[in-house]
Amino acid sequence: MEGITYPEYRRVHARMFPGAARYYTPFIAPDPSGCFRGAPLRGVLPENNAGVILVPQLLVNAAGPFLIAAQVLSDLGYTEVDLNVGCPSGTVTSKHKGAGMLRDPDALDHCLEEIFSRCPLAVSVKTRLGFDSTEEFSAVLAVYRKYPLSRLTVHARDRAGMYRSRPDLEAFASALKDSPFPVIYNGDLFTPGDIQAISLRFPCLYGAMLGRGAVCDPALFRRAQGGPVLRKEELNTFLETLTEEYLASGLAPAYTAARMKELWYYMRCLFPDAKRAVKAVFRARSLPDYRAAVDALFASGSFDAEAGFQQA
Ligand SMILES: Cc1cc2nc3c(=O)[nH]c(=O)nc-3n(C[C@H](O)[C@H](O)[C@H](O)COP(=O)(O)O)c2cc1C
(Lines give C-alpha, C1' and ligand atoms only; values in the text may rest on other atoms or scores of the structure.)
Protein backbone atom coordinates (compact mmCIF):
# COMPACT_ATOMS: atom_id res chain seq x y z
CA MET A 1 0.00 0.00 0.00
CA GLU A 2 1.40 3.30 -1.17
CA GLY A 3 2.55 5.48 1.74
CA ILE A 4 2.21 2.58 4.19
CA THR A 5 4.14 -0.58 3.39
CA TYR A 6 7.67 0.71 2.96
CA PRO A 7 10.46 -1.91 3.03
CA GLU A 8 11.03 -1.28 6.75
CA TYR A 9 7.36 -2.04 7.39
CA ARG A 10 7.49 -5.25 5.36
CA ARG A 11 10.66 -6.46 7.09
CA VAL A 12 9.42 -5.84 10.63
CA HIS A 13 5.99 -7.25 9.81
CA ALA A 14 7.41 -10.42 8.22
CA ARG A 15 9.72 -10.94 11.19
CA MET A 16 7.15 -10.38 13.94
CA PHE A 17 3.99 -11.60 12.23
CA PRO A 18 4.94 -14.29 9.72
CA GLY A 19 2.06 -15.84 7.78
CA ALA A 20 1.70 -13.83 4.57
CA ALA A 21 2.58 -15.92 1.50
CA ARG A 22 3.95 -12.84 -0.23
CA TYR A 23 4.06 -9.06 -0.05
CA TYR A 24 3.54 -6.68 -2.94
CA THR A 25 5.36 -3.38 -3.23
CA PRO A 26 3.30 -0.22 -3.46
CA PHE A 27 3.00 0.63 -7.14
CA ILE A 28 6.16 1.76 -8.90
CA ALA A 29 5.46 4.23 -11.71
CA PRO A 30 8.43 4.20 -14.09
CA ASP A 31 8.93 7.20 -16.38
CA PRO A 32 8.03 6.80 -20.08
CA SER A 33 11.51 5.38 -20.74
CA GLY A 34 10.94 2.67 -18.10
CA CYS A 35 13.32 4.20 -15.52
CA PHE A 36 12.65 4.38 -11.82
CA ARG A 37 15.03 5.51 -9.10
CA GLY A 38 14.98 7.03 -5.62
CA ALA A 39 12.54 5.56 -3.10
CA PRO A 40 10.85 3.14 -5.56
CA LEU A 41 14.25 1.67 -6.49
CA ARG A 42 15.35 1.46 -2.85
CA GLY A 43 12.06 -0.28 -2.15
CA VAL A 44 12.94 -3.24 -4.39
CA LEU A 45 16.65 -3.63 -3.66
CA PRO A 46 17.01 -7.16 -2.28
CA GLU A 47 19.18 -5.95 0.64
CA ASN A 48 16.24 -3.83 1.80
CA ASN A 49 13.84 -6.76 1.71
CA ALA A 50 15.67 -9.46 3.64
CA GLY A 51 13.27 -12.13 4.88
CA VAL A 52 10.39 -10.90 2.70
CA ILE A 53 8.91 -12.71 -0.30
CA LEU A 54 8.22 -9.75 -2.52
CA VAL A 55 6.46 -9.12 -5.81
CA PRO A 56 7.14 -5.66 -7.29
CA GLN A 57 4.11 -3.90 -8.76
CA LEU A 58 4.24 -1.57 -11.78
CA LEU A 59 1.84 1.21 -12.75
CA VAL A 60 2.08 2.02 -16.47
CA ASN A 61 -0.11 2.89 -19.45
CA ALA A 62 1.99 1.13 -22.07
CA ALA A 63 3.99 -2.06 -22.49
CA GLY A 64 7.29 -0.28 -23.31
CA PRO A 65 8.07 1.13 -19.85
CA PHE A 66 6.70 -2.03 -18.22
CA LEU A 67 9.13 -4.24 -20.16
CA ILE A 68 12.15 -2.05 -19.44
CA ALA A 69 11.31 -1.85 -15.73
CA ALA A 70 10.66 -5.62 -15.67
CA GLN A 71 14.15 -6.22 -17.05
CA VAL A 72 15.62 -4.14 -14.22
CA LEU A 73 13.59 -6.21 -11.74
CA SER A 74 14.74 -9.43 -13.41
CA ASP A 75 18.37 -8.29 -13.10
CA LEU A 76 17.73 -7.73 -9.38
CA GLY A 77 16.64 -11.38 -9.09
CA TYR A 78 12.83 -11.09 -9.19
CA THR A 79 10.88 -13.81 -10.98
CA GLU A 80 7.46 -12.15 -11.03
CA VAL A 81 6.02 -8.68 -11.54
CA ASP A 82 2.48 -7.39 -10.93
CA LEU A 83 0.58 -4.94 -13.13
CA ASN A 84 -1.64 -2.43 -11.30
CA VAL A 85 -5.04 -2.13 -13.02
CA GLY A 86 -6.80 -0.90 -9.91
CA CYS A 87 -5.49 2.40 -8.58
CA PRO A 88 -8.54 4.74 -8.51
CA SER A 89 -6.76 8.08 -8.00
CA GLY A 90 -7.84 10.74 -10.51
CA THR A 91 -4.27 11.81 -11.25
CA VAL A 92 -3.47 8.17 -12.14
CA THR A 93 -6.60 7.25 -14.11
CA SER A 94 -6.45 10.47 -16.15
CA LYS A 95 -3.16 9.17 -17.56
CA HIS A 96 -4.85 5.85 -18.47
CA LYS A 97 -2.94 4.08 -15.71
CA GLY A 98 -4.24 1.92 -12.85
CA ALA A 99 -8.03 1.57 -13.02
CA GLY A 100 -7.86 3.96 -16.01
CA MET A 101 -6.77 0.96 -18.11
CA LEU A 102 -10.23 -0.55 -17.54
CA ARG A 103 -11.90 2.12 -19.66
CA ASP A 104 -10.54 0.65 -22.86
CA PRO A 105 -10.39 -3.17 -22.89
CA ASP A 106 -8.95 -3.17 -26.45
CA ALA A 107 -6.01 -0.99 -25.37
CA LEU A 108 -5.54 -3.20 -22.29
CA ASP A 109 -5.52 -6.22 -24.61
CA HIS A 110 -2.82 -4.71 -26.84
CA CYS A 111 -0.75 -3.77 -23.83
CA LEU A 112 -0.96 -7.28 -22.36
CA GLU A 113 -0.23 -8.85 -25.74
CA GLU A 114 3.04 -6.97 -25.98
CA ILE A 115 3.90 -7.57 -22.32
CA PHE A 116 3.29 -11.32 -22.54
CA SER A 117 5.18 -11.69 -25.79
CA ARG A 118 8.36 -10.14 -24.37
CA CYS A 119 8.40 -10.01 -20.56
CA PRO A 120 11.25 -11.98 -18.98
CA LEU A 121 9.24 -12.45 -15.77
CA ALA A 122 5.98 -14.12 -14.78
CA VAL A 123 3.24 -11.47 -14.82
CA SER A 124 0.32 -11.18 -12.41
CA VAL A 125 -2.44 -8.56 -12.49
CA LYS A 126 -4.27 -6.70 -9.73
CA THR A 127 -7.57 -5.43 -11.11
CA ARG A 128 -10.84 -3.81 -10.17
CA LEU A 129 -14.14 -5.03 -11.62
CA GLY A 130 -14.62 -2.05 -13.90
CA PHE A 131 -14.30 1.72 -14.13
CA ASP A 132 -17.85 3.07 -13.87
CA SER A 133 -19.64 -0.22 -13.21
CA THR A 134 -18.90 -3.78 -12.17
CA GLU A 135 -20.91 -4.82 -15.25
CA GLU A 136 -17.81 -4.01 -17.28
CA PHE A 137 -16.00 -6.97 -15.74
CA SER A 138 -17.03 -9.62 -18.26
CA ALA A 139 -15.30 -7.73 -21.09
CA VAL A 140 -12.20 -7.14 -18.98
CA LEU A 141 -12.08 -10.74 -17.80
CA ALA A 142 -12.30 -11.95 -21.41
CA VAL A 143 -9.10 -9.98 -22.08
CA TYR A 144 -7.26 -11.41 -19.06
CA ARG A 145 -8.24 -14.95 -20.05
CA LYS A 146 -6.27 -14.63 -23.28
CA TYR A 147 -3.01 -14.51 -21.31
CA PRO A 148 -1.12 -16.84 -18.95
CA LEU A 149 -1.32 -14.61 -15.87
CA SER A 150 0.56 -16.10 -12.92
CA ARG A 151 -2.29 -14.81 -10.71
CA LEU A 152 -5.27 -12.47 -10.96
CA THR A 153 -6.04 -10.50 -7.80
CA VAL A 154 -9.48 -8.93 -7.94
CA HIS A 155 -10.40 -5.93 -5.79
CA ALA A 156 -14.12 -6.56 -5.96
CA ARG A 157 -15.23 -2.98 -6.61
CA ASP A 158 -15.43 -0.70 -9.61
CA ARG A 159 -13.28 2.42 -9.66
CA ALA A 160 -16.31 4.57 -8.84
CA GLY A 161 -16.61 2.69 -5.53
CA MET A 162 -13.11 3.85 -4.52
CA TYR A 163 -12.61 2.15 -1.11
CA ARG A 164 -16.18 2.47 0.13
CA SER A 165 -18.78 0.71 -2.01
CA ARG A 166 -19.90 -2.76 -1.04
CA PRO A 167 -17.73 -5.39 -2.76
CA ASP A 168 -19.70 -6.98 -5.64
CA LEU A 169 -19.37 -10.68 -4.88
CA GLU A 170 -21.65 -11.72 -7.74
CA ALA A 171 -19.45 -10.02 -10.29
CA PHE A 172 -16.34 -11.35 -8.56
CA ALA A 173 -17.70 -14.92 -8.77
CA SER A 174 -17.47 -14.80 -12.57
CA ALA A 175 -13.67 -14.61 -12.31
CA LEU A 176 -13.63 -18.03 -10.66
CA LYS A 177 -15.62 -19.79 -13.37
CA ASP A 178 -13.20 -21.35 -15.88
CA SER A 179 -10.32 -18.94 -15.33
CA PRO A 180 -7.07 -20.54 -16.47
CA PHE A 181 -5.10 -18.77 -13.71
CA PRO A 182 -5.30 -18.70 -9.89
CA VAL A 183 -7.72 -16.05 -8.61
CA ILE A 184 -7.25 -14.07 -5.39
CA TYR A 185 -10.01 -12.13 -3.66
CA ASN A 186 -9.43 -8.63 -2.26
CA GLY A 187 -11.74 -6.15 -0.55
CA ASP A 188 -13.00 -5.46 3.00
CA LEU A 189 -11.44 -8.47 4.70
CA PHE A 190 -11.03 -7.00 8.17
CA THR A 191 -11.50 -9.97 10.53
CA PRO A 192 -10.76 -13.71 10.49
CA GLY A 193 -14.54 -14.16 10.16
CA ASP A 194 -14.55 -12.08 6.94
CA ILE A 195 -11.75 -14.23 5.52
CA GLN A 196 -13.47 -17.46 6.50
CA ALA A 197 -16.78 -16.32 4.99
CA ILE A 198 -15.11 -15.57 1.66
CA SER A 199 -13.26 -18.92 1.66
CA LEU A 200 -16.51 -20.77 2.39
CA ARG A 201 -18.44 -18.90 -0.26
CA PHE A 202 -15.72 -19.44 -2.88
CA PRO A 203 -14.06 -22.82 -2.18
CA CYS A 204 -11.93 -22.71 -5.35
CA LEU A 205 -10.35 -19.40 -4.37
CA TYR A 206 -6.56 -19.51 -4.58
CA GLY A 207 -6.11 -16.97 -1.81
CA ALA A 208 -7.02 -13.64 -0.27
CA MET A 209 -5.13 -10.36 -0.30
CA LEU A 210 -5.34 -8.29 2.86
CA GLY A 211 -5.02 -4.49 2.80
CA ARG A 212 -6.36 -2.07 5.36
CA GLY A 213 -7.42 -4.85 7.72
CA ALA A 214 -3.83 -6.05 8.09
CA VAL A 215 -2.52 -2.52 8.61
CA CYS A 216 -5.07 -2.07 11.40
CA ASP A 217 -4.27 -5.48 12.92
CA PRO A 218 -0.76 -6.67 11.99
CA ALA A 219 -1.64 -10.09 13.48
CA LEU A 220 -4.52 -10.63 11.04
CA PHE A 221 -2.59 -13.15 8.89
CA ARG A 222 -1.79 -15.13 12.05
CA ARG A 223 -5.36 -14.99 13.32
CA ALA A 224 -6.67 -16.07 9.90
CA GLN A 225 -4.58 -19.22 10.30
CA GLY A 226 -5.99 -19.98 13.75
CA GLY A 227 -3.29 -18.17 15.76
CA PRO A 228 -3.77 -15.89 18.77
CA VAL A 229 -5.08 -12.32 18.68
CA LEU A 230 -2.75 -9.34 18.81
CA ARG A 231 -1.39 -8.56 22.27
CA LYS A 232 -1.01 -4.93 23.32
CA GLU A 233 2.67 -5.37 24.26
CA GLU A 234 3.32 -7.01 20.90
CA LEU A 235 1.81 -4.04 19.10
CA ASN A 236 3.93 -1.68 21.16
CA THR A 237 7.10 -3.65 20.30
CA PHE A 238 6.09 -3.72 16.62
CA LEU A 239 5.65 0.06 16.52
CA GLU A 240 8.84 0.81 18.42
CA THR A 241 10.87 -1.63 16.27
CA LEU A 242 9.47 -0.04 13.13
CA THR A 243 10.26 3.46 14.40
CA GLU A 244 13.85 2.38 15.08
CA GLU A 245 14.15 0.80 11.61
CA TYR A 246 13.04 4.03 9.96
CA LEU A 247 15.56 6.02 11.99
CA ALA A 248 18.31 3.48 11.22
CA SER A 249 17.49 3.82 7.48
CA GLY A 250 18.41 7.51 7.76
CA LEU A 251 14.89 8.94 7.82
CA ALA A 252 14.75 12.15 9.88
CA PRO A 253 12.89 11.92 13.21
CA ALA A 254 10.07 14.25 12.12
CA TYR A 255 9.49 12.23 8.92
CA THR A 256 9.62 9.02 10.93
CA ALA A 257 6.87 10.38 13.18
CA ALA A 258 4.84 11.37 10.09
CA ARG A 259 5.14 7.85 8.64
CA MET A 260 4.10 6.26 11.91
CA LYS A 261 1.10 8.57 12.12
CA GLU A 262 -0.09 7.30 8.71
CA LEU A 263 -0.42 3.85 10.30
CA TRP A 264 -2.57 5.23 13.10
CA TYR A 265 -5.30 6.13 10.63
CA TYR A 266 -5.90 2.35 10.50
CA MET A 267 -4.71 1.26 13.95
CA ARG A 268 -6.85 3.78 15.83
CA CYS A 269 -9.66 1.21 15.52
CA LEU A 270 -7.80 -0.98 18.05
CA PHE A 271 -8.39 1.72 20.68
CA PRO A 272 -12.12 2.38 20.23
CA ASP A 273 -12.67 4.17 23.55
CA ALA A 274 -9.61 6.41 23.50
CA LYS A 275 -10.59 9.02 20.91
CA ARG A 276 -8.85 11.91 22.72
CA ALA A 277 -5.62 9.96 23.20
CA VAL A 278 -5.70 8.95 19.52
CA LYS A 279 -6.20 12.60 18.51
CA ALA A 280 -3.08 13.48 20.52
CA VAL A 281 -1.10 10.98 18.44
CA PHE A 282 -2.28 12.67 15.22
CA ARG A 283 -1.46 16.12 16.63
CA ALA A 284 2.15 15.20 17.55
CA ARG A 285 4.62 17.20 15.43
CA SER A 286 7.94 15.76 16.61
CA LEU A 287 9.13 12.23 17.30
CA PRO A 288 9.36 12.78 21.09
CA ASP A 289 5.79 14.17 21.08
CA TYR A 290 4.66 11.22 18.99
CA ARG A 291 6.26 8.72 21.34
CA ALA A 292 4.78 10.41 24.41
CA ALA A 293 1.31 10.42 22.81
CA VAL A 294 1.58 6.71 21.93
CA ASP A 295 2.72 5.89 25.47
CA ALA A 296 -0.32 7.74 26.84
CA LEU A 297 -2.59 5.90 24.41
CA PHE A 298 -1.23 2.52 25.46
CA ALA A 299 -1.70 3.54 29.12
CA SER A 300 -5.31 4.61 28.46
CA GLY A 301 -6.71 1.14 29.14
CA SER A 302 -8.61 1.02 25.85
CA PHE A 303 -7.46 -1.82 23.60
CA ASP A 304 -9.63 -4.19 21.61
CA ALA A 305 -7.56 -6.61 19.55
CA GLU A 306 -10.67 -7.85 17.74
CA ALA A 307 -12.18 -4.50 16.81
CA GLY A 308 -11.12 -4.68 13.15
CA PHE A 309 -10.74 -1.79 10.70
CA GLN A 310 -13.73 0.47 10.22
CA GLN A 311 -14.10 3.36 7.81
CA ALA A 312 -14.16 6.75 9.56
C1 LIG B 1 -3.52 4.14 1.29
C2 LIG B 1 -3.69 3.04 0.30
C3 LIG B 1 -2.67 2.76 -0.60
C4 LIG B 1 -2.81 1.72 -1.53
N5 LIG B 1 -1.79 1.47 -2.41
C6 LIG B 1 -1.93 0.45 -3.30
C7 LIG B 1 -0.89 0.12 -4.21
O8 LIG B 1 0.16 0.78 -4.27
N9 LIG B 1 -1.07 -0.93 -5.05
C10 LIG B 1 -2.23 -1.69 -5.02
O11 LIG B 1 -2.35 -2.65 -5.77
N12 LIG B 1 -3.23 -1.39 -4.18
C13 LIG B 1 -3.10 -0.36 -3.33
N14 LIG B 1 -4.13 -0.06 -2.47
C15 LIG B 1 -5.36 -0.88 -2.52
C16 LIG B 1 -5.28 -2.07 -1.57
O17 LIG B 1 -4.24 -2.93 -1.97
C18 LIG B 1 -6.60 -2.88 -1.60
O19 LIG B 1 -6.83 -3.31 -2.90
C20 LIG B 1 -7.79 -2.06 -1.13
O21 LIG B 1 -7.49 -1.30 0.03
C22 LIG B 1 -8.97 -2.99 -0.82
O23 LIG B 1 -8.60 -3.98 0.09
P24 LIG B 1 -8.91 -3.82 1.68
O25 LIG B 1 -10.39 -3.54 1.78
O26 LIG B 1 -8.50 -5.15 2.26
O27 LIG B 1 -8.11 -2.67 2.15
C28 LIG B 1 -4.01 0.95 -1.55
C29 LIG B 1 -5.04 1.25 -0.64
C30 LIG B 1 -4.89 2.27 0.27
C31 LIG B 1 -6.03 2.55 1.22
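Counting convention: from 1, in listed order, for ligands and their atoms alike.
Closer than 4.0 angstrom to ligand 1 lie heavy atoms from Met1, Glu2, Pro26, Phe27, Gln57, Asn84, Lys126, His155, Tyr163, Asn186, Gly187, Asp188, Phe190, Gly211, Arg212, Tyr266.
Both Val81 and Val72 are part of a single hydrophobic cluster, where members link through side-chain heavy atoms under 4.5 Å apart.
Under the salt bridge (charged side-chain N to carboxylate O under 4.0 Å, His left out) criterion, the residue pairs touching residues 244-257 are Arg11-Glu245, Arg15-Glu245, Glu244-Arg291, with sequence neighbours excluded. Residue pairs meeting the salt bridge (charged side-chain N to carboxylate O under 4.0 Å, His left out) criterion with at least one member in residues 262-283: none, sequence neighbours excluded.
Using cut-offs of 30° and 60° on the angle between ring planes, the pair Phe221 and Tyr23 is tilted. Note: Phe202 and Tyr185 have parallel aromatic rings, judged against thresholds of 30 and 60 degrees for the angle between ring planes.
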Could you list the donor-acceptor pairs under 3.5 angstrom formed between side-chain atoms of residues 110-120 and any protein atom two or more places apart in sequence or on another chain?
| residue | atom | partner | partner atom | Å |
| --- | --- | --- | --- | --- |
| His110 | ND1 | Asp106 | O | 3.2 |
| Glu114 | OE2 | Arg118 | NH1 | 3.2 |
| Ser117 | OG | Glu113 | O | 3.2 |
| Ser117 | OG | Glu114 | O | 2.9 |

